[in-house]
Structure formats: structure tokens, C-alpha cells
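Numbers restart at 1 for each chain; the letters A, B, ... are given by sequence-line order, proteins then strands.
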Amino acid sequence: MPRSIISKLLGATLPGCTTYCEGNAVPELPEVETTRRGIEILLQNHTVDTVNIYDKRLRRPVTENLPSILPGAKLSKVTRRAKYLLLDFLYGTLVIHLGMSGSLRVVSSKSPRQKHDHVEIHFSGDLCMRFRDPRRFGLLLWLESNPMEHTLLRDLGPEPFDPVCDGGYLFDRSRGRTLAIKNFIMDAHIIAGVGNIYANESLFRARVHPGRAAGRIGLRRYQRLSNVIRSVLTGAIEVGGTTLRDFVSETGAPGYFGHELQVYGRAGEPCIHCGQALRSKMIGQRSSFFCSGCQR
DNA sequence: AATCGCGCCTGACGGC
DNA sequence: TGCCGTCAGGCGCGAT
């Protein structure tokens with residue numbers, strides 16, 4: 001890996017923060033955004049040399065003719081919609097989802113492929129983007145028409161940072177809904193990109209009980225919740241910047257700051273506000289963590 | 001229309 | 001030591 005590449009990444013990190021990498025972290029929106037930035041910094045305007053597909057069996061089969069489509073194409077732009085990454089080339093878009101266990105890293109073309117590296121795209125400048133996904137819940141799809149009109153992306157709700165996605169919006173969408181608020185905010189058709197971990201964290205900070213019916217929460221609490229969701233995600237994205245250097249390591253990938261999680265995975269530990277033991281419960285087949293004293 | 005529950009998949013972990 | 005069951009969970013889909 002050339003020194004100039006390393007310095008590009010180091011230049012993207014925040015001063016005064018240390019690197020942290022959790023190997024098996026589930027990619028949530030902040031990890032996807034961090035990955036987007038890493039790819040953009042390293043690969044924008046680079047041209048594809050070759051593509052190798054070693055295992056096409058993902059959530060959907062990997063577009064089979066990528067190796068004949070992509071070579072010669074220049075990566076013009078890397079964007080994100082919900083947890084989907086969109087790599088724009090002149091004649092189409094490569095849509096990538098990391099699923100439960102996926103990661104992308106950019107390494108030297110000469111570095112050996114590792115277990116579960118299912119797809120690799122070699123770019124000009126000795127750079128290789130590898131898609132690794134042990135559980136194969138991810139997705140790599142080549143689209144030649146507008147990706148936003150594809151069924152996977154078409155019906156997604158607004159991004160949390162979109163000004164329209166405020167407390168009033170969530171309040172309006174939730175009227176008459178009886179499902180738990182946690183399931184409501186994890187529905188990507190309502191608000192895009194809130195996964196289990198940050199749903200738990202956001203509800204704790206907003207002091208809303210995860211099991212409460214979405215339709216029985218008032219406007220003011222939704223305003224607080226939407227602000228909290230934005231600040232939690234923003235904070236995690238900023239931290240992600242400090243892990244960008246892991247993007248070029250063989251073993252690492254951008255990860256969380258695990259110690260910033262206040263409730264997730266902390267059943268039995270004391271609530272940081274009231275000291276009461278945090279509880280866990282399955283809500284909508286997903287583990288939920290909360291403080292029954294602070295959250296109503 | 002809304003809600004619920006399943007299945008995809010592998011690795012980690014705990015119990016025996 | 002090894003085997004087996006359970007859990008983790010994003011997402012789409014089918015059933016109710």
C-alpha cells in the first residue's frame with residue numbers, strides 16, 4: 001500500500017482519537033457511511049482492471065457478468081441510500097449492501113485473498129476492493145437504469161438527516177399504528193437506516209420505552225426522538241472517521257466505539273442515569289435493551 | 001392495510 | 001475433546 005494512500009486516510013481521521021476496531025460488528029448506517037468515505041477517498045476516478053467473483057451466493061446472486069461489464073469503467077461517485085452503497089460508473093451503478101456481516105476494504109492488489117472474500121474488484125493504481133461476508137446476507141447488484149427506481153430502493157423512507165424526517169413526520173406516520181416504537185423506527189420504509197443497536201440507543205436517550213405503541217407517543221416525544229436519532233448517528237459517523245485507517249488493513253474494517261453504547265448488550269448492568277439494572281427483552285424477534293425506570 | 005413471523009447463513013459460545 | 005443447540009440480526013416476503 002503506497003504511503004500516499006495511507007496519508008489520505010490518516011488525513012481523514014480526527015485528531016486526538018484512537019483507533020478502535022470491532023471485527024464482527026454488524027454494519028449499521030454509520031459503518032456504511034464510513035465505508036462510503038473510505039471507498040470515495042481511495043477509489044474515486046480510478047478505473048476497473050478486472051473483477052473476480054469467487055462466490056455469487058449472496059442474498060441475491062451477484063450479477064454474474066460483472067467481470068465482463070466493469071473493466072475499463074471509471075468510478076465516478078460513491079453515494080449511500082439507507083444502508084445501500086451506490087458506486088456510480090458511466091453506464092450503470094453497482095449497488096452494495098453489507099447485510100449482517102459484510103465488509104469492504106481496499107488493499108494492495110497483491111495481498112492474498114482471505115476466507116469469505118467473495119468478490120474482488122481490481123482498480124488502477126494497484127488497488128483492490130474486496131467484499132467479505134461470512135454470512136452472505138449481503139448484496140452486489142449491477143443496475144443500468146436509475147437505481148432509485150429499483151424495488152429495493154424505491155419505497156425507502158427518508159434519511160434520518162433529511163430535514164423532512166423530523167418529529168412531525170414520525171408523529172404523522174405513526175398515527176393509528178399499534179406496533180412497538182422500536183419496530184416502527186427500524187422499518188426502513190418509515191425512516192431509513194436505523195438498525196437494532198442504534199434503535200435501542202436512541203430510545204434510551206429519548207427516554208421512550210421500546211415496547212410502547214408507536215401510535216400512542218406524542219408529538220413532543222417524537223421531536224425529541226428524531227433529534228436523538230440524528231445525534232446518535234452523527235456521533236457514530238464522527239467516530240467512524242477515526243477507524244478509517246482500518247479500511248486498508250488486512251484484518252480490520254471500520255468499526256464502532258463499543259464503549260459509547262449505553263444500553264445495547266448491557267442487560268443487568270446499572271443504568272447510567274438511575275442505577276437500576278438494565279433489562280433485555282425480545283421485541284419483534286430482536287433483542288432489546290432498556291431501563292424500565294427511565295423509559296416510558 | 002397492518003402486523004407478525006420466518007428463513008437466509010456462519011461463527012461464537014455454552015453445556016454436557 | 002467434540003458435538004450439538006442457541007443466538008446474533010438486515011431484510012424481503014408470505015401468511016393472517
Length of the CD1-P vector between A/Ile190 and C/dG12, whole Å: 14 Å

side-chain hydrogen bond (donor to acceptor under 3.5 Å, both in side chains) contacts in which one or both residues fall within residues 163-173 of chain A, not counting sequence neighbours: A/Tyr169-A/Arg173

Within the structure shown, what part of the strands sits under 4.0 Å from A/Leu152 by heavy-atom distance: base, sugar-phosphate, or nothing? sugar-phosphate

Using a 4.0 Å heavy-atom cut-off to protein, can you give one letter per nucleotide of nucleotides 2-8 of chain B, 5' to 3': B if the base is in contact, S if only the sugar-phosphate is, - if neither? SSSB-BB

Find the distance A/Arg60:CZ to C/dG12:P and express it as a whole number of Å. 8 Å

A/Tyr222: what forms a ring-ring contact (aromatic ring centres under 6.0 Å, His included) with it, not counting sequence neighbours? none

Can you tell me the distance, in whole Å, between the NE2 atom of A/His97 and the C1' atom of C/dG12? 11 Å

Which donor-acceptor pairs under 3.5 Å do the side chains of residues 66-76 of chain A make with protein atoms, sequence neighbours left out?
from: A/Ser68; atom 1: OG; to: A/Asn65; atom 2: O; distance (Å): 2.9
from: A/Ser76; atom 1: OG; to: A/Asp88; atom 2: O; distance (Å): 3.0

Nucleotide B/dG11, atom P - distance to NE2 of A/His116 in whole Å: 4 Å

So does A/Arg220 have more than 12 non-hydrogen atoms from other groups sitting under 6.0 Å from CZ? no

Length of the CG-P vector between A/Asn200 and C/dA8, whole Å: 11 Å

Return a table of donor-acceptor pairs under 3.5 angstrom between the side chains of residues 268-286 of chain A and protein atoms on other chains or two or more places apart.
from: A/Glu269; atom 1: OE1; to: A/Arg266; atom 2: NH1; distance (Å): 2.9
from: A/Gln276; atom 1: OE1; to: A/Ser292; atom 2: OG; distance (Å): 3.0
from: A/Gln276; atom 1: OE1; to: A/Gly293; atom 2: N; distance (Å): 3.4

note: A/Phe131, atom CZ; B/dC9, atom C1'; distance rounded to Å ~ 12 Å

Starting at atom NE2 of A/His189, determine the distance to atom C1' of C/dC11, rounded to an integer number of angstrom. 9 Å

Are A/Lys115 and B/dG11 close enough that a side-chain N or O sits under 4.0 Å from OP1 or OP2? yes

Estimated bend of the helix from B/dA2-C/dT16 to B/dC16-C/dG2 (axis per five terminal pairs, rounded to 10 degrees): 50°

Across the strands shown, which category fits A/Tyr84 at heavy-atom distances under 4.0 angstrom: base, sugar-phosphate, nothing? sugar-phosphate

Figure out the CE/C1' separation between A/Met282 and C/dT6, and round it to whole Å. 11 Å

Once ring-ring contact (aromatic ring centres under 6.0 Å, His included) is applied, do any residues pair with A/His150, and if so which ones, sequence neighbours excluded? none

Nearest heavy-atom neighbours spanning A/Cys165 and A/Glu159: CB-O, 3.4 Å

Please identify each residue that fulfils ring-ring contact (aromatic ring centres under 6.0 Å, His included) with A/Phe184, with sequence neighbours left out. none

Can you list the other members of the hydrophobic cluster that holds A/Phe290, where links are side-chain heavy atoms under 4.5 angstrom apart? none

